[in-house]
Amino acid sequence: MFEVIFLQFLNGLDKGAAYALIALGLTLVFGTLGVVNFAHGALFMLGAFCAVLFRQFLTLETVTLDPEKLSPWGAPLEIREPLVQAWFGDFGAVLVNYSVPASIIITIPIMLLVGIGLERGIIKHFYKRPHAEQILVTFGLAIVAQELIKSFFGPNPIPQPMPSDLRGAADIGAFLGMQANVITYPIWRLIYFLFSFVIIGGVFAFLQFTTFGMVVRAGMADRETVGLLGINIDRRFTIMFGLAAVVAGIAGVMYTPLLPPNYHIGMDFLVLSFVVVVVGGMGSLPGAVAAGFLLGILQSFASMTQVKALIPGIDQIIIYLVAVVILLVLPRGLFGRRGVMEA
Amino acid sequence: MRIMSRNDLLLFLGFTVVVLAMPIWLHPFGAAYPDLLQRFMIFGIFAVGFNILFGLTGYLSFGHAAFFGVGSYAAVWSFKLLSLDAIPAMIFAVVVSGVFALVIGFVSLRRSGIYFSILTLAFAQMSYNLAYSVLTPITNGETGLQLNLNDPRYLDTTMGIPTAGQPVPTLLGQSLGGFAGFYFCAGFLILAFFIAMRITNSPFGMMLKGIKSNQTRMNYTGFNTKPYTLAAFVISGMYAGLAGALLAVTDPLAGAERMQWTASGEVVLMTILGGAGTLVGPVIGAWLIKYFENIFSAINETILHRFFDVLPDGLDNALVAITSKFVGEGWFLTLGLVFVLIVVFLPGGIMEGVRRIAHLFDRKPKGRPGKAAPQPQPAE
């Protein structure tokens, strides 16, 4: 029994990690700019499609017909050679194999630009407008992003293979001194979890231990005073928006091997991560992370057959159910601060 | 006491005439076929009802499609169990969705602002997920609930009304296909508009507007705002149920996708596009979105080539390549862009645009010319 529970716990971690990463970005934006960003899921999706684009670019091929050899159908044999392999040799092959993690390198600048452009272009004008209008404009932006991706990449999910060395499962049970082959866990999910841990830790460290982060935290607490001290807080908040976009983007990149991205992947995650943010407490970064993992793990437990036999359909609604209960019992969510978006 | 002021009466009469004459004046636009007209009416009702909640009280519900879906299911069940007549189905659907809205509203309205939006969204998603999975005996899952020749139809059987052939909804024995269905829906839209108008102008409506401007002050003045918001929520839920039932009448197949949150988002788009808080705005928004959805998504490259035929060759192809991204499959892109532009530049929707233009031509001296009234802030 313990093994089963432990396994479900592990299963919840990777989904929880994705929720936590998206919710972290949402909270960063909300805590700094005070903007409810419904386009955040679209940023996750854009990140995932950076990986797709990068791979498509890497796997551009030259097709030459070899008249000497014949294929089994009697036609001249086509020789396909990826350009990257032709240019870089073995390194190119490794690059293609590791295209998903490697695409983080191009994702970071792209998402930073997208984020900053979005903030300066549109969201800037919505600081003083009501939350309902912020939701509406970002919702519209999300539709636009989604449809643009759909018109370029088509409506179908595009599977992204994970690096060949990282396929298969790790025997965690044996590693922890238990019986071998009882608790095995796909390596990539483990990597996703560790990766999210690094990112979350990085964001917290950035806010906690750098001067920039200190100024941002001060601005979150009292924007006006920080501005009066002669600090250009707006620019820092813009950069924070870019950072949130980067977090969402690379979360999307690393998630592609687990779930082939299509154009509405962001929306699917957005609804859930909004629930996560609200459960954690609007504007609380630890709350967002904790609630993300909590809901991911709860969802994984709810999809156990034993639980489903007890309460049919619970796996479909557990997250929303938890959200409703938490919101009604703790109006500020789990870690919400007093005075932030209180109802 | 007079029921309506002169302006309201004119507005109502004008609205009635415009609606009833739709098959005539929409003819040049290529939209005068019953199927689309019925949708105009149905989504008009949906948007008018949504506006009673969002436009008047400022509570942004992101889960209104749940009531729409529940209305559809209830109507189809009434067709299956009671009678093929539309009237019991409508009554049943409105009552069921009203009760459903009462339960959800009672819980959700304990919070406001974004928390309210998330709560309604959560409830709607729960209904949607359940309709797809566990409630399959009631909703028939992915296939969707449909009429069957072997349905019991107890009311029809006891009254000895035989069903010939494929069961279709009727009204007192008359078929509701084609334009009959349109006038049936149009009657309900006019009724719905009339009720919404009366609500807006009543003391109750004033109270709702007061809640939108400043709920705290309303509370301090001694009003308990909760029953008012709950009443508005239930009324708008019943409107949604009515619209869902009408959709089931015109096309007796209820599917869970009607409850998905994108459907809730659509009605929000309609209301905002037309102008939240105005009477006619949401209806216009619904019509425009449904119209362009039908027209734009039907345009393909051949039509575009014909359209740009007059232009020189290279330019012609370039324009077709660009515009084809915005029509057909990509019509949602256009919708998204238009929507963003509206929210950014014209927060009051089309109706505010109309008012601004009317203001330009208004020669009468006003107290403060050229300045729009400050928008009241919705409840936080």
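Worth knowing before you read on, the calculation uses all heavy atoms, side chains too, and leaves out hydrogens, waters and symmetry mates. Throughout, a chain's letter reflects where its sequence line sits, starting with A, and its residues are numbered from 1.
- Only the side chain of Phe123(B) comes within contact range of chain A, judged by heavy atoms closer than 4.5 Å.
- Within 6.0 Å of the CZ atom in Phe301(A), the count of heavy atoms belonging to other residues, nucleotides or ligands exceeds 12.
- The distance from atom CE of Met126(B) to atom OH of Tyr320(A), rounded to the nearest 0.5 Å, is 9.0 Å.
- Considering all non-hydrogen atoms of both residues, Val144(A) and Gly336(B) come closest at CG2-C, 3.5 Å.
- Arg111(B) contributes atom CZ, which lies 6.0 Å from atom CG of Leu328(A) (distance to the nearest 0.5 angstrom).
- Residues Phe139(A) and Leu269(B) are in side-chain contact: their nearest non-hydrogen atoms beyond the backbone lie under 4.5 Å apart.
- No more than 12 heavy-atom neighbours from other residues, nucleotides or ligands sit within 6.0 angstrom of OH on Tyr228(B).
- Proximity to chain A (any heavy atom under 4.5 Å) is shown, for Val338(B), by neither the backbone nor the side chain.
- For Leu272(A), no part lies under 4.5 angstrom from a heavy atom of chain B.
- Interface residue Ile143(A): only side-chain heavy atoms are found under 4.5 Å from chain B.
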Test side chain to side chain contact (heavy atoms under 4.5 Å, CB included) on Leu136(A) and Phe339(B) and set out the steps. CA-CA 8 Å; Leu136(A) 294 169; Phe339(B) 183 67; 3.9 Å; yes
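- Both the backbone and the side chain of Val344(B) come within less than 4.5 Å of a heavy atom of chain A.
- Between Phe38(A) and Phe62(B), the two ring planes are tilted [angle within 30° to 60°].
- For Ile318(A), no part sits under 4.5 Å from any heavy atom of chain B, backbone or side chain.
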Using the rule given for side chain to side chain contact (heavy atoms under 4.5 Å, CB included), can you reason through Ile272(B) versus Glu133(A), listing the C-alpha separation, both sets of side-chain angles and the distance that settles it, and then say yes or no? CA-CA 10 Å; Ile272(B) 302 288; Glu133(A) 284 184 18; over 6 Å; no
Verify side chain to side chain contact (heavy atoms under 4.5 Å, CB included) between Phe274(A) and Leu121(B), making sure each step is shown before the conclusion. CA-CA 10 Å; Phe274(A) 247 99; Leu121(B) 178 65; 5.5 Å; no
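- Across Leu341(B), Leu119(B), Val343(B), the residue that shares the most heavy-atom pairs under 4.5 angstrom with chain A is Val343(B).
- Going from atom CG of Leu60(B) over to atom CD1 of Ile135(A) covers 5.5 Å, rounded to the nearest 0.5 Å.
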